[in-house]
Amino acid sequence: MSEKTPLTSEATPLRHVAFIMDGNGRWAKKRGMPREYGHTFGVKAFRAIVEHCGKLGLEAATFYAFSTENWKRPPREVNAIMKLMDTYLAECEKKLDQYAFRLVFLGDKSVFDEKRRAKMERLEELTKDRSRILNIALNYGGRSEIVTACNRLLAKGKESVTEADFNAALYTAESPEPDLIIRTGGDLRISNFLLWQAAYAELYFTDTLWPDFGPADLDIAIDEFNKRKRRFGGV
Ligand code: FPP
């Protein structure tokens, strides 16, 4: 994430874009290939979009890579996604200086084996002084995040909390609220993603399947965002 191109108007400041990367399976099926093939190309699209988010000067970008519900998929597919993730983590570590962003993993890491968890935590630690954030939601669920936040606050002995306390207890504590949430793949729902944080986010849905979603598509979504009037409950 390097050059900064101003992309926001005063009326619609854009600091944080979040992505529900849907449609990998259908993209593969259309080509007569197994679902894992779609995920491999999904990672290619992910890389291109991360790079573009960097060029656009966003403060934060969030990607829904694996939900708490995705464990229900066939083991072969789950293993393929985890393998892609491991490859990406290894690459991030190797090219740490080329990536200007802070890596944050949203979700419950306790389910991962020691090696993967240690790698995620090491990357978070090594990049923690960087200001712009790349959130990767992995074993993430919005409801589970809210319950985890409640338990964190209870463990601190809190008896009543403010919204600021609550924000600080979420996995996304370090990020601004998402301004724009983009879902590819044609479904019109948010599927347990950033439930608390999405309160005032603009939602953008496209039929484009994730592996086909490129920087030009993100620019179109941002143009649409810039046309919207955000009132945050005001008039
Ligand atoms: C949704 O498509 C996609 C996922 C559940 C996984 C997304 C994961 C990646 C793009 C790889 C993540 C890895 C990194 C390194 C970020 P789907 O399988 O539900 O597609 P469908 O709706 O067509 O079946």
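For this chain, numbers begin at 1 and follow the sequence in order. No experiment lies behind these values; they were computed from the predicted model shown. Remember, it's 1-based here, ligands and their atoms both numbered in the order they're listed.
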Cluster link V147 to L170, ILVMFWY, side chain under 4.5 Å: no

Within one Ile-Leu-Val-Met-Phe-Trp-Tyr cluster: Y88 and W210, side-chain cutoff 4.5 Å: yes

Going by the atom numbers of ligand 1, which of them fall below 4.0 Å from some non-hydrogen atom of [X]?
| X | value |
| --- | --- |
| M21 | 1 (C), 2 (O), 3 (C) |
| V43 | 11 (C), 13 (C) |
| R73 | 5 (C), 17 (P), 18 (O), 19 (O) |
| R26 | 21 (P), 22 (O), 23 (O) |

Partners passing side-chain contact (heavy atoms from CB on, under 4.5 Å) against K94 (at least two apart in sequence or in another chain): none

Results of side-chain hydrogen bond (donor to acceptor under 3.5 Å, both in side chains) for K109 - residues two or more places apart only: E124

Close N or O approach ([X], ligand 1; < 3.5 Å):
| X | result |
| --- | --- |
| N24 | yes |
| Y88 | no |
| L84 | no |

Distance, nearest 0.5 Å, that separates CZ of R73 from CD of E36: 10.5 Å

So for [X], does at least one of its heavy atoms come nearer than 4.0 angstrom to any atom of ligand 1?
| X | answer |
| --- | --- |
| G185 | no |
| F46 | yes |
| N70 | yes |

Minimum non-hydrogen distance to atom 24 (O) of ligand 1, winning option of M85, R35, H39: R35

Nearest-option assignment for atom 7 (C) of ligand 1, heavy atoms, candidates G42, A65, A28: A65

Salt bridge present between R228 and E224 (N-O < 4.0 angstrom): yes

Pair R47 + E91: basic N to acidic O under 4.0 Å: yes

Aromatic centroids of F66 and Y140 separated by under 6.0 Å: no

